[in-house]
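To start, the structure under review is shown below, and the notes come after it.
Just the heavy atoms: all of them, side chains too, but no hydrogens, waters or symmetry mates, feed the values below. Model, not experiment: these values are computed from the prediction.
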Number of protein chains: 2
Amino acid sequence: MTRIQRRNRSAILEAALDVFSQNGFRGATLDQIAQSSGLSKPNLLYYFASKEAIHIELLSGLMEIWLAPLHAVDPGGVPQAELMGYMRRKLEMSRQMPRESRLFANEVLQGAPRFLDGIRGDLKTLVDAKAKVIRHWSASGKIADIDPYHLIFSIWALTQHYADFEVQVRSVLGPDRDPFQEAEGFLEELFSRLLKPVDDAAH
Amino acid sequence: MTRIQRRNRSAILEAALDVFSQNGFRGATLDQIAQSSGLSKPNLLYYFASKEAIHIELLSGLMEIWLAPLHAVDPGGVPQAELMGYMRRKLEMSRQMPRESRLFANEVLQGAPRFLDGIRGDLKTLVDAKAKVIRHWSASGKIADIDPYHLIFSIWALTQHYADFEVQVRSVLGPDRDPFQEAEGFLEELFSRLLKPVDDAAH
DNA sequence: GTCTATAGTCTGATAGAC
DNA sequence: GTCTATCAGACTATAGAC
């Protein structure tokens with residue numbers, strides 16, 4: 001692949017991320033992507049077979065990046081620190097990559113018609129593996145005895161909320177507050193309390 | 001308005017809830033709504049001026065129901081019980097009204113272009129009022145000293161996650177588990193821990 | 001009030017010159 | 001590789017008969 005091809009492909013994907021993340025698959029148009037990427041509409045289709053091909057390429061290309069923080073949870077690390085670190089990295093991704101968050105949110109919200117394989121495959125496999133690690137940490141008393149799947153869901157829900165519903169969060173907080181900075185402290189407190197094992201010796 | 005008119009209008013709105021919540025505004029078509037409601041396409045437009053009018057009517061009509069649980073938080077009640085009750089009612093709404101949850105999620109996710117007034121108006125006003133109540137509870141030591149806005153966001157994020165991302169949650173948990181029933185216990189534990197005031201006497 | 005027919009527009013994709 | 005021109009289908013909305 002030439003340098004020009006690489007540059008055009010990535011310009012298309014960059015523009016597509018903008019457009020798909022804001023409008024969802026059906027709401028997005030090739031015209032918008034063409035305009036935003038600076039290429040003509042037929043030229044998009046020279047690089048990608050169809051509108052759907054662009055979308056699929058985007059999703060699968062971002063999947064690895066998106067799952068990296070969970071992948072990085074180390075079974076050999078300090079449980080509390082590993083999980084707090086995972087939460088922090090996810091929040092940081094919501095801050096730095098809100099478009100990616102909304103891209104996935106749009107897709108899942110609408111039933112993941114173009115992505116169910118990825119969810120049922122890579123995602124489930126990874127979550128199952130990490131859930132086993134977390135369950136072990138709970139069983140050995142290193143963290144509280146809570147369901148690992150719902151713990152992971154709660155990290156997703158709380159961190160991605162600030163990206164996916166950013167318009168609402170900012171509207172409610174008003175223009176002078178920084179949602180992400182405040183979320184950092186709040187979620188730190190929340191997950192500290194959630195993960196702390198019950199200290200039976202205190203009773 | 002005749003009985004027939006009332007029945008047709010509500011049939012349209014019921015069908016529109018199905019279609020808009022699954023596809024978003026731009027992804028939805030009048031054909032789908034017509035088919036789902038059993039009326040012809042021109043007949044939809046006899047009852048509503050446009051596709052957008054249907055959507056706006058849906059959103060504003062559901063706004064009151066959607067905010068009722070927060071409205072019901074009683075400044076005179078027992079703080080911990082009030083907030084746990086709010087969380088429980090929100091989770092119950094995710095279970096019973098996932099389409100409504102996804103309708104709002106789609107709209108907010110895409111920047112709330114048809115709903116920003118509602119968010120900046122009624123929603124912000126209500127949240128501001130309840131935040132003041134919660135802050136007072138914190139200050140008097142009845143619950144933990146946490147930010148009331150982010151507490152409310154966390155209730156929204158965690159309860160609505162089970163409706164909005166239901167496909168993903170079910171795929172990860174597998175077919176034999178009941179997400180909502182499990183969430184009940186998990187969120188009960190999470191918010192109990194989060195709201196509990198620090199007991200200084202213990203140190 | 002409800003229908004068929006259709007106007008007018010938008011959209012994904014292709015043809016073919018260069 | 002990139003463009004202009006354009007097709008075929010889908011879409012919102014309206015006209016007009018009944």
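Per the geometry, NZ belonging to B:Lys51 stands 15 Å off P belonging to D:dT14, to the nearest Å. Distance CD1 (B:Ile33) to P (D:dT12): 8 Å, rounded to an integer number of Å. One atom, OH of A:Tyr46, and another, P of C:dG16, lie 18 Å apart when rounded to the nearest Å. Whole-Å rounding puts the A:Asn43 CG to C:dA15 C1' distance at 15 Å. Rounded to an integer number of Å, the gap from B:Asp31 CG to C:dC3 P is 14 Å. The distance between atom CG of B:Leu30 and atom P of D:dC11, rounded to the nearest whole Å, is 10 Å. To the nearest angstrom, P of C:dT11 lies 13 Å from CZ of A:Phe20. Atoms CD (B:Glu52) and C1' (D:dA13) sit 14 Å apart, rounded to a whole Å.
In this structure, B:Glu184 does not pair ionically with B:Arg88, as no charged nitrogen and carboxylate oxygen lie closer than 4.0 Å. Here A:Glu92 pairs with A:Arg95 in a salt bridge; the nearest charged N to carboxylate O distance falls below 4.0 Å. We find that A:Glu14 and A:Arg7 are not joined by a salt bridge, their nearest charged nitrogen and carboxylate oxygen being 4.0 Å or further apart.
Note on B:Ala34: nothing from the nucleic acid sits closer than 4.0 angstrom, heavy atoms only. Contacts of A:Leu45 with the nucleic acid, taken as non-hydrogen atoms under 4.0 Å apart, include base atoms. B:Ala53 comes within contact range of no nucleotide atom at all, as no heavy-atom separation falls under 4.0 Å.
Proximity of A:Asn8 to the phosphate of D:dG1: no side-chain N or O atom is located under 4.0 Å from OP1 or OP2. The phosphate of D:dT2 has OP1 or OP2 within less than 4.0 Å of a side-chain N or O from A:Tyr47. An OP1 or OP2 oxygen of C:dC10 is reached within less than 4.0 angstrom by no side-chain nitrogen or oxygen of A:Arg26.
Heavy-atom distances to DNA chain C give each of B:Lys41 and B:Ile4 a nearest nucleotide, and the one nearer the 5′ end belongs to B:Ile4.
The only option from A:Phe20, A:Trp66, A:Phe25 that meets the ring pair (Phe, Tyr, Trp, His ring centres under 6.0 Å) definition with A:Phe104 turns out to be A:Trp66.
Environment of CD in B:Gln35: sparse, with no more than 12 heavy atoms of neighbouring residues, nucleotides or ligands closer than 6.0 Å.
Which of C:dC3, D:dA13, D:dG1 sits closest to the side chain of B:Ser40 comes down to C:dC3.
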